[in-house]
Amino acid sequence: MARDFVYVEELGEHVGERVTLKGWLSRKRSSGKVKFLVLRDGTGLLQCVAFVRDTSAELFERCDRIPLESSIAVAGRVRRDDRAPGGFELGIEDLRVLHEAAEFPIQPKEHGVEFLFDHRHLHLRSRTPHAILRVRSEVVRACRDFFHERRFVLIDSPVLTPAACEGTTTLFETDYFGRKAYLTQSGQLYLEPACMAFGRVYCMGPTFRAEKSKTRRHLTEFWMIEPEVAFLEFPGLLELAEEFVSYVVARALDVCREDLKVLDRDTSKLESVRPPFPRLPYDEAARLLTTPESQARMAAAGAPPFAAGNDFGAFDETLLTESADRPVMVTHWPAAIKAFYMQPDEADPSRALCVDVLAPEGYGEIIGGSERIHDHDLLLGRIREHGLPVEAFQWYLDIRKYGTVPHSGFGMGVERCVTWICGVPHLRDAIPYPRQIHRLYP
RNA sequence: UCCUGAGUAGCUCAGUCGGUAGAGCAGGUGGCUGUUAACCACCGGGUCGCAGGUUCGAGUCCUGCCUCAGGAGCCA
């Protein structure tokens with residue numbers, strides 16, 4: 001890719017040279033006989049300086065008239081200067097305005113949530129969203145690298161599907177040439193057949209839930225990465241999950257130091273994320289949550305009390321992970337409150353061979369996974385018990401008729417993971433254009 | 001869907017007892033030789049979410065609606 005300019009991130013190689021940079025005017029300050037223009041080019045910020053003595057009167061005066069966020073090309077000599085943010089600055093010798101911006105709505109000050117997300121297309125230029133989305137980019141790359149390094153094959157699952165995977169209440173419905181179609185909730189059902197063809201597979205894509213959730217942990221459109229492995233049984237699944245999460249966190253620490261610093265992330269909390277993760281059987285977790293102390297703390301926090309046999313609430317998840325320095329794997333949930341396709345535990349068939357991986361620091365569930373039922377008749381019974389239409393699942397049942405084998409997989413919510421790694425409070429910050437119950441714009 | 005709170009200048013907010021609209025930032029003009037969300041002075045800027053009601057008079061009190069935020073449930 002030929003170019004006639006350099007990026008801010010490359011300036012270290014050009015000290016003392018005359019270079020051209022292209023970008024946007026992110027800030028300006030002036031002090032009578034000296035003007036500072038801060039250029040932003042996507043790779044960093046650069047303070048460009050014009051002294052009245054060293055600059056033509058016309059250029060010096062013109063510096064003041066450039067509206068913020070105008071696109072500009074600046075030429076000049078690069079020098080080290082400790083007074084400059086970033087350690088380098090540019091002595092302006094020439095400056096061209098490529099496009100003069102209209103008044104930019106976002107200021108370097110506090111804004112409300114609604115205003116910022118109404119202007120998300122412009123908000124992406126700001127420091128915090130920029131840092132988070134760079135971390136997201138690296139997290140996604142790490143996810144793919146992890147599976148490709150282990151010889152997994154990418155099998156993309158369809159977004160438009162004919163039936164629900166898990167229930168019918170939370171699906172987005174759309175018209176498909178006169179028939180009903182639904183936006184996918186999970187690629188899992190399509191991955192299971194694929195792992196019988198390729199052994200180790202994964203998919204990654206957007207998934208959709210029409211839940212009317214209004215919390216910091218929910219989006220209606222979010223990205224999920226899901227591996228599925230033939231002949232993988234439950235203990236191996238747990239190992240895969242902890243190795244995967246550890247790999248992704250290690251990559252973020254390795255590659256995204258600067259971005260995490262911008263976000264003020266306490267990275268010491270991530271350094272300890274290494275296998276093995278603690279295994280916490282559901283019954284043990286339930287015991288911890290029903291102690292008088294725990295119940296008292298729930299009441300004090302205004303959280304609903306936990307009762308054994310139920311799913312965990314947000315406060316319950318925080319309690320279970322508060323003393324852990326890495327994610328906690330809650331296993332062996334009551335089959336009754338989990339999905340129909342989960343393999344029952346031989347030792348106690350009322351429990352499923354499944355796992356929820358809970359991130360520490362109150363970030364909640366980032367992974368849900370299980371060994372899948374591989375026996376045809378058992379699966380058929382479960383489909384009926386859950387009141388699901390057997391015809392719609394005929395293809396899924398087929399897998400159990402032609403050389404069925406034990407197999408396992410999980411799904412990780414990309415935004416949940418990025419939110420945790422970045423240490424930001426809300427899931428909507430971890431996706432470029434969030435889709436929420438009240439947000440479909442921009 | 002439920003609970004709680006909020007809606008006033010482009011943005012973030014203040015507005016007392018019901019008495020006729022304020023600040024900071026942004027924008028404009030001028031000043032300043034090293035600024036770091038610079039600073040100083042001056043200027044312009046309002047359908048007080050919408051619709052009713054009470055009142056001599058409503059940003060303020062009442063009713064309904066709308067929008068948003070925080071939380072719950074559900075989930076990744």
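Bear in mind that the values here come from a model prediction, so they are computed numbers and not experimental data. Chain naming here is simple, since letters A, B, ... match the order of the sequence lines and numbering starts at 1 in each. For the numbers below, each heavy atom of this structure counts, side chains included, while hydrogens, waters and symmetry mates do not.
At a cut-off of 3.5 angstrom, counting only N and O atoms as typed in the model, there is no donor on one side facing an acceptor on the other between the side-chain of A:S213 and the base of B:rC75. Side chain A:E114 to base B:rU67: no donor-acceptor pair is found below 3.5 Å. Residue-to-nucleotide contacts include a donor-acceptor pair under 3.5 Å from the side chain of A:K214 to the base of B:rG70. For A:R439 against B:rC68, a side-chain-to-base donor-acceptor contact under 3.5 Å is absent. Between the side chain of A:H218 and the base of B:rC75, a donor-acceptor pair under 3.5 Å is found. With hydrogens and angles ignored, a donor-acceptor pair closer than 3.5 Å exists between the side chain of A:E89 and the base of B:rG34.
When the shell of 6.0 Å around CZ of A:R127 is examined, it contains 12 or fewer heavy atoms from other residues, nucleotides or ligands.
Whole-Å rounding puts the A:I92 CD1 to B:rU35 P distance at 17 Å. Atom pair A:F117:CZ and B:rC68:C1' shows a separation of 13 Å (rounding to whole Å applied). In this entry the distance linking CD of A:Q436 with C1' of B:rA76 reads 15 Å, nearest Å. Going from atom CD1 of A:I437 over to atom C1' of B:rC2 covers 12 Å, rounded to whole Å. Taking atom CZ of residue A:F244 and atom C1' of nucleotide B:rA76, one finds them 13 Å apart after rounding to whole Å. Residue A:F51 contributes atom CZ, which lies 10 Å from atom C1' of B:rU35 at whole-angstrom precision. Atom P of nucleotide B:rG7 and atom CZ of A:F115 are separated by 18 Å, given to the nearest angstrom. Per the geometry, CD belonging to A:Q107 stands 4 Å off C1' belonging to B:rA26, to the nearest Å.
Rounded to a whole angstrom, the distance from the P atom of B:rA26 to that of B:rC40 is 10 Å. Nucleotides B:rU8 and B:rA21 have their C1' atoms positioned 9 Å apart, rounded to a whole Å. Between the C1' atoms of B:rG46 and B:rG7, the separation comes to 15 Å (whole Å). Annotation: B:rU20 and B:rU33 have their C1' atoms spaced 49 Å apart (nearest Å).
Taking the six-membered ring for Trp and thresholds of 30 and 60 degrees, A:H119 and A:H121 have nearly parallel ring planes, at less than 30 degrees apart.
In this structure, A:F222 packs face-to-face on the six-membered ring of B:rA76, meeting both the 5.5 Å centre cutoff and the 30° plane limit.
Listed candidates were B:rC11, B:rG70, B:rU67. Nearest to the side chain of A:H426 is B:rG70.
The list of ring-ring contact (aromatic ring centres under 6.0 Å, His included) pairs with a residue in residues 306-334 of chain A, not counting sequence neighbours, reads A:F234-A:H332, A:Y282-A:F312, A:Y282-A:W333, A:F306-A:F312, A:F312-A:W333.
Contact check, A:H438 against B:rC68: a side-chain N or O comes under 4.0 Å of OP1 or OP2.
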